[in-house]
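Notes for the one structure printed next.
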Number of protein chains: 2
Amino acid sequence: MPLSRLPSAAMDQAMRLLGAAGQEEAAIRQAAWVARCVGRGESAPLTPEAVAALAHTLKQHRVERGTLLFQGGQPAAGVWIVREGRVELSVGSGRRRAVVGVLRPGDVDGDISLLLDMPLPYSARVLDDATLLSLTASDFEHLLATSLPIARRWLSSVASRLAASQGRLLGLLGRSLTAQVAQLLLDEAVDGQVPLPQRTLAAMLGAQRPSLNKILKELERDGLVGVRYAAIDVLDPDGLAKLAR
Amino acid sequence: MPLSRLPSAAMDQAMRLLGAAGQEEAAIRQAAWVARCVGRGESAPLTPEAVAALAHTLKQHRVERGTLLFQGGQPAAGVWIVREGRVELSVGSGRRRAVVGVLRPGDVDGDISLLLDMPLPYSARVLDDATLLSLTASDFEHLLATSLPIARRWLSSVASRLAASQGRLLGLLGRSLTAQVAQLLLDEAVDGQVPLPQRTLAAMLGAQRPSLNKILKELERDGLVGVRYAAIDVLDPDGLAKLAR
DNA sequence: CCGATCCTGTCAGGTCACCGACATTCATCT
DNA sequence: AGATGAATGTCGGTGACCTGACAGGATCGG
């Protein structure tokens with residue numbers, strides 16, 4: 001999931017200053033932001049036409065905390081792009097719940113199921129009041145089928161997700177829970193913070209919450225992390241990296 | 001430069017004997033096969049030009065068992081496509097070795113590192129005497145930058161690998177080793193057989209070989225699998241699926 | 001045919017993480 | 001401010017998996 005996490009404060013301010021008259025321009029900016037999020041494209045620069053095509057098909061949604069964006073097993077309705085807030089991807093429920101990942105601004109989902117024409121493998125629930133962008137299935141396919149720069153960029157976006165997924169696989173295989181926790185905290189930290197409850201972190205490792213809590217207290221005792229309410233502070237990334245190996 | 005150092009002498013000789021016309025047709029066939037492997041393309045049919053472009057850039061190699069195709073940490077030299085045989089992807093060594101996956105005919109690798117411009121995350125070793133196809137890095141980028149049908153198909157290829165990786169992640173999270181073994185056998189079986197030594201299977205789960213062996217004997221006692229030398233027979237897929245849930 | 005090498009089968013001891021449960025602290029809403 | 005729900009801190013018993021080691025069988029080379 002380590003797609004580009006871009007500071008969007010400056011952008012938001014610019015949008016406010018523009019006002020209603022610049023609605024068209026705001027849409028273009030939105031599209032350009034998405035284009036930056038969807039992969040890198042040094043070898044496929046985006047044409048103004050491609051950005052405009054994106055701008056006209058993107059829809060914006062305000063979604064409140066707790067909303068179920070989609071449910072596992074159903075066909076994908078379209079592509080979701082997180083503009084602001086977080087979205088949790090999970091399977092199962094109760095004590096057998098596993099968290100596949102947590103989307104943050106700049107992350108994309110739903111496209112894989114569309115590309116492969118398979119049902120969604122997990123459910124998505126919105127963690128904070130959020131702003132989301134969406135593409136319908138047909139708009140998405142049309143974009144890919146007509147714009148090579150967009151297809152090329154989307155390719156690198158999916159590639160980076162694959163690399164992240166394989167990295168997480170390696171982080172789990174044959175490692176002690178301590179090493180897994182250290183790795184997870186490093187992966188998920190943004191600005192030295194991991195704003196997730198221990199229950200969720202445990203579900204991301206397929207571990208029990210008490211086991212995770214024990215390890216977190218050990219890490220805190222060693223000065224590597226700070227444990228707060230529904231959040232972990234990463235105090236010593238280098239020390240964690242040493243544990244994670 | 002592992003590309004140029006591979007033993008391709010036999011192939012070169014065969015091509016010379018064939019003559020120009022046969023060589024061209026063989027190359028086209030090869031390219032069409034690759035195109036089928038690299039994703040589905042119901043919405044992006046391949047043009048004859050695209051297939052021809054592929055055909056002219058593919059190189060064929062015969063590689064003998066045990067060859068190290070590439071090593072983790074180095075930049076990717078190009079894209080590899082397995083035509084025949086198997087290739088093992090792994091990290092680490094000794095008893096801390098983890099097997100990321102085993103490539104079989106039709107599988108592709110090396111493209112992710114090129115797309116993201118990152119070093120290869122694992123090493124690749126050839127398990128059987130094999131036939132491989134390759135694309136150089138620049139040919140690959142050129143293909144993607146000029147042919148939309150190929151970019152579109154490659155996109156679905158990477159997408160399906162991502163789905164598989166996430167599936168394996170879910171197969172590991174919070175499941176007993178027995179469930180993991182059952183899942184792995186179902187995933188890796190081809191024609192009801194899994195032709196891998198227990199040491200490799202254990203490394204794919206990040207488990208120890210004795211632990212795996214104990215579970216395999218239990219499964220054999222229950223008539224779900226047959227244990228042979230360096231191979232497992234899947235006798236009762238439904239029974240395994242029930243265990244894997 | 002024989003040695004070398006890989007693979008399988010198996011064992012005991014020790015450790016680690018699961019499991020259910022409970023009390024406590026924190027945040028939020030009325 | 002008080003009530004309510006959620007998240008944290010903590011505890012033992014139990015079972016599962018790891019560790020290291022060794023013996024025996026299969027395969028392949030000379």
Side-chain angles (χ1 to χ4, degrees), chain A residues 64-66 86 88 92-99 102 125 127-129 171-185 193-221 225-233 243, chain B residues 64-66 88 92-99 125 127-129 172-182 184-185 193-221 225-233 243:
Chain A
E64 72 179 4
R65 184 173 111 181
R86 291 170 304 162
E88 178 195 88
S93 61
R95 59 182 147 286
R96 273 283 300 267
R97 192 178 68 120
V99 172
V102 174
R125 188 173 294 279
L127 290 183
D128 320 296
D129 289 345
L172 293 178
L173 286 185
R175 300 182 118 84
S176 72
L177 192 51
T178 303
Q180 292 181 38
V181 171
Q183 182 74 53
L184 179 68
L185 290 178
Q193 299 195 348
V194 183
L196 294 169
Q198 293 176 16
R199 182 168 62 105
T200 299
L201 290 174
M204 295 177 79
L205 297 174
Q208 297 306 113
R209 193 188 56 78
S211 308
L212 174 70
N213 180 261
K214 181 181 166 216
I215 289 171
L216 284 176
K217 297 311 282 183
E218 291 171 6
L219 296 181
E220 186 175 42
R221 175 172 50 74
V225 305
V227 179
R228 297 209 322 271
Y229 187 82
I232 309 290
D233 294 322
L243 275 183
Chain B
E64 70 179 5
R65 185 174 112 179
E88 177 195 271
S93 61
R95 61 173 87 63
R96 274 282 300 268
R97 191 178 69 120
V99 172
R125 188 172 294 279
L127 290 183
D128 320 295
D129 289 345
L172 294 178
L173 285 184
R175 299 182 117 83
S176 73
L177 192 50
T178 302
Q180 293 181 37
V181 171
L184 180 68
L185 291 178
Q193 297 196 349
V194 183
L196 295 168
Q198 294 177 16
R199 182 168 59 106
T200 299
L201 291 173
M204 295 177 79
L205 297 174
Q208 295 307 114
R209 192 186 56 77
S211 307
L212 174 70
N213 180 260
K214 181 181 165 216
I215 289 171
L216 284 176
K217 297 312 281 183
E218 291 171 4
L219 296 181
E220 187 176 40
R221 177 172 48 75
V225 305
V227 179
R228 295 209 324 271
Y229 187 82
I232 309 292
D233 294 323
L243 276 182

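These numbers come from a predicted model, not from an experiment. Residue numbers begin at 1 in each chain, while the letters A, B, ... track the order of the sequences.
Counting non-hydrogen atoms under 4.0 angstrom, B/R209 reaches a base of the nucleic acid.
Closest approach to the A/S211 side chain among D/dC17, C/dC18, C/dC7 is made by C/dC18 (side chain taken as heavy atoms from C-beta onward). Counting only heavy atoms from C-beta on, A/Q208 has its side chain closest to C/dC19 among D/dG9, D/dG25, C/dC19. Which of D/dC18, C/dC19, D/dT19 sits closest to the side chain of A/P210 comes down to C/dC19. Listed nucleotides: D/dC17, C/dA27, D/dG9. Nearest to the side chain of A/N213: D/dG9.
Taking atom CD1 on A/I215 and atom P on D/dT8, their separation rounds to 15 Å, with Å as the unit. For the pair A/Q180 CD and D/dC17 P, the computed distance is 14 Å after rounding to whole Å.
Around atom CZ of A/R228, more than 12 heavy atoms belonging to other residues, nucleotides or ligands sit under 6.0 Å away.
Among the candidates B/I215, B/T178, B/L185, the single residue satisfying the side-chain contact (heavy atoms from CB on, under 4.5 Å) test with B/L243 is B/T178.
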Next item on the list: Take B/E218 and B/R221 through the salt bridge (charged side-chain N to carboxylate O under 4.0 Å, His left out) test and state the conclusion after the steps.
Entry: CA-CA 5 Å; B/E218 291 171 4; B/R221 177 172 48 75; 5.2 Å; no

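Map A/V227 and B/R95 each onto its nearest nucleotide of DNA chain D; the residue landing nearer the 5' end is A/V227.
In terms of heavy atoms, B/P195 sits closest to B/A231 at CA-CB, 4.0 Å.
Residue B/K217 has a polar side-chain atom (N or O) positioned under 4.0 Å from OP1 or OP2 of C/dG9.
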